[in-house]
Amino acid sequence: MTQSSKTSASLIAMLALLSAIGPFAIDMYLPAFPQMMSDLGTSAATVQLTLTAFMLGMALGQLVIGPLSDQFGRRKPLLIGALACMAASVLCAVSPNVEVLIGMRFLQGFAGAAGVVLARAIVSDSARGPQAAKMFSIMMTVGGIAPILSPLAGSSVIAFTGWRGVFWALAILNVIMVVGSIYLVKETLPKERRSKGGIKTLASNAGGVLGNKAFLGFTFAFAFSMAAMFGYIAASPFVFQNILGLGSTAFSLVFALNALGLTITSIIAMKLVDRVGPLRMTYIGVTGLTVFSAGLLAVIALGETPLIPTLALVFLALASLGFVFGNATALATDQVKEHAGSGSATIGALQFTLAAVASPLVGLAGEDNAVPMALVMLAGGIIALLSMIALTRGAATTAGAGLHEVRPEAVPAP
């Protein structure tokens, strides 16, 4: 392996970590909610606000930091965000009451948004077409598996250190982000390619991004597919344990198996994207999500929720997402190459907003009903597929074929 390829591999690994900090910060502390209620002397609804505050901070932070990075470059906002996120994680760990914790969680989300939004923008600056799809697939694989596995990791930390230990663990991850950003992430947006003109130009850039139908189509495909996954994540503890009767160990194994399925299909997508193309791969993924979710809803609606068909259809629906995440992101950002920060901000803000909406919807019918989970997953698949069909036709040939080259001037040197 050459030195430059080693550097590229290290950079992609660093970008994957940056893009995963959001899911880790969302899900790692969920098992500690009852303990937090007791320690902080507050209600379940108030503890839930710490999650809502983080999601709002993450969405707003991307909308602010992404467009600003089009004007000031990627590296400085990334370093400032990583340092601020580290400080906020420490302040979360030592918060004396739930009110302070809510405020620090908002700050943690806002600052952590820098890593999520700028990791995508850096890839968009550096690569195009199938090469970008491969890089995004690696990042999205980590980002997709993180919300599935992080509650299990969080449970282990909580068992030894309590809920505050989760935020110390996040602070350690933030330290790695800071060090990695300093040594591995170089500036990928030269001054001559940056936006100029202040707030008016930023507003114009945002309007150009939102006015691009093909960008919106690919973004909706990504975001609604992600919403389907978050619906599964929120409902699975109740569906698998309360309805299907799995014990905690069996539940953990099924959770891990579904994560493995998503990982395998993501790897397959990376291997095939040069031959098949990111557009076709995305269609395969959203179609699979829709079909298998429809099958899941059908078997659940028939009466008793059967164990094997339910587990198999959930596995297949989630595995389909491995064909969507990286490819849809590459296709979306390829539509707005000149405003990659604004485009990445839109993708991320929509992703976290829909995730915040999807999670509570699956519990509307109570803890003993699996129909809402299947409905949320199916709705995500249908909207993703219809968005692709309705909004991306004009750009299908260009975006779907992709451009195979990586821009050498944008790839960070060793």
Side-chain angles (χ1 to χ4, degrees), residues 123 127-145 148 213-232 257-298 312-335 347 351 354 374 376-404:
V123 172
R128 301 191 71 181
Q131 180 64 27
K134 290 178 182 178
M135 296 173 71
F136 279 124
S137 290
I138 296 172
M139 290 169 50
M140 296 303 155
T141 298
V142 175
I145 293 172
I148 295 175
K213 286 176 59 178
F215 168 79
L216 292 177
F218 295 127
T219 297
F220 289 157
F222 167 79
F224 279 97
S225 296
M226 187 67 80
M229 189 183 74
F230 270 95
Y232 153 77
L257 181 64
N258 288 333
L260 179 62
L262 178 59
T263 304
I264 291 172
T265 52
S266 296
I267 294 171
I268 292 172
M270 283 185 276
K271 297 291 185 182
L272 295 180
V273 68
D274 283 315
R275 281 186 287 167
V276 180
L279 179 66
R280 199 170 296 172
M281 298 288 278
T282 306
Y283 266 115
I284 291 171
V286 295
T287 301
L289 171 63
T290 304
V291 170
F292 294 126
S293 297
L296 177 65
L297 179 61
L313 287 165
V314 167
F315 176 86
L316 291 170
L318 292 173
S320 299
L321 297 176
F323 297 108
V324 178
F325 290 154
N327 290 303
T329 304
L331 290 164
T333 56
D334 194 61
Q335 296 297 312
I347 294 170
Q351 169 194 346
L354 290 178
V376 168
M377 294 175 66
L378 178 58
I382 289 174
I383 296 173
L385 183 58
L386 291 179
S387 298
M388 292 276 292
I389 294 171
L391 298 176
T392 67
R393 281 185 180 175
T397 301
T398 302
L403 298 177
H404 290 250

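Below, each value reflects all heavy atoms present in this structure, side chains not excepted, and no hydrogens, waters or symmetry copies. Bear in mind the structure is a predicted one, so any value in this text is a computation, not a measurement.
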What's the spacing between [X] [atom1] and [Y] [atom2] if we round to 0.5 Å?
X	Y	atom1	atom2	result
Met388	Leu331	CE	CG	6.5 Å
Arg275	Met281	CZ	CE	9.5 Å
Tyr232	Leu296	OH	CG	11.5 Å

Which residues pass the side chain to side chain contact (heavy atoms under 4.5 Å, CB included) test with [X], sequence neighbours left out?
X	result
Ile383	Phe224, Ser387
Phe292	Leu313, Leu316, Ala317, Ser320
Leu385	Tyr283, Val286, Thr287, Thr290, Ile389
Ala228	Leu289, Met377

For this session: List the steps and the verdict of side chain to side chain contact (heavy atoms under 4.5 Å, CB included) for Phe215 and Ile347.
Result: CA-CA 9 Å; Phe215 168 79; Ile347 294 170; 4.0 Å; yes
Minimum heavy-atom distance [X]-[Y], with the two atoms named:
X	Y	result
Thr265	Leu262	OG1-O, 3.1 Å
Thr392	Ala214	CG2-O, 3.8 Å
Ala223	Leu354	CB-CD1, 3.7 Å
Ser225	Val324	OG-CG1, 3.6 Å

For this session: Determine, stepwise, if the pair Ile268 / Lys271 fulfils side chain to side chain contact (heavy atoms under 4.5 Å, CB included).
Result: CA-CA 5 Å; Ile268 292 172; Lys271 297 291 185 182; 5.7 Å; no
Problem set entry | Option passing side chain to side chain contact (heavy atoms under 4.5 Å, CB included) with Asn327 (candidates Leu279, Ile284, Thr282, Val276) |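 Between Asn327 and the candidates, side chain to side chain contact (heavy atoms under 4.5 Å, CB included) is satisfied uniquely by Thr282.
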Problem set entry | Intermediate values then yes/no, side chain to side chain contact (heavy atoms under 4.5 Å, CB included), Asp334 and Phe218 | CA-CA 10 Å; Asp334 194 61; Phe218 295 127; over 6 Å; no
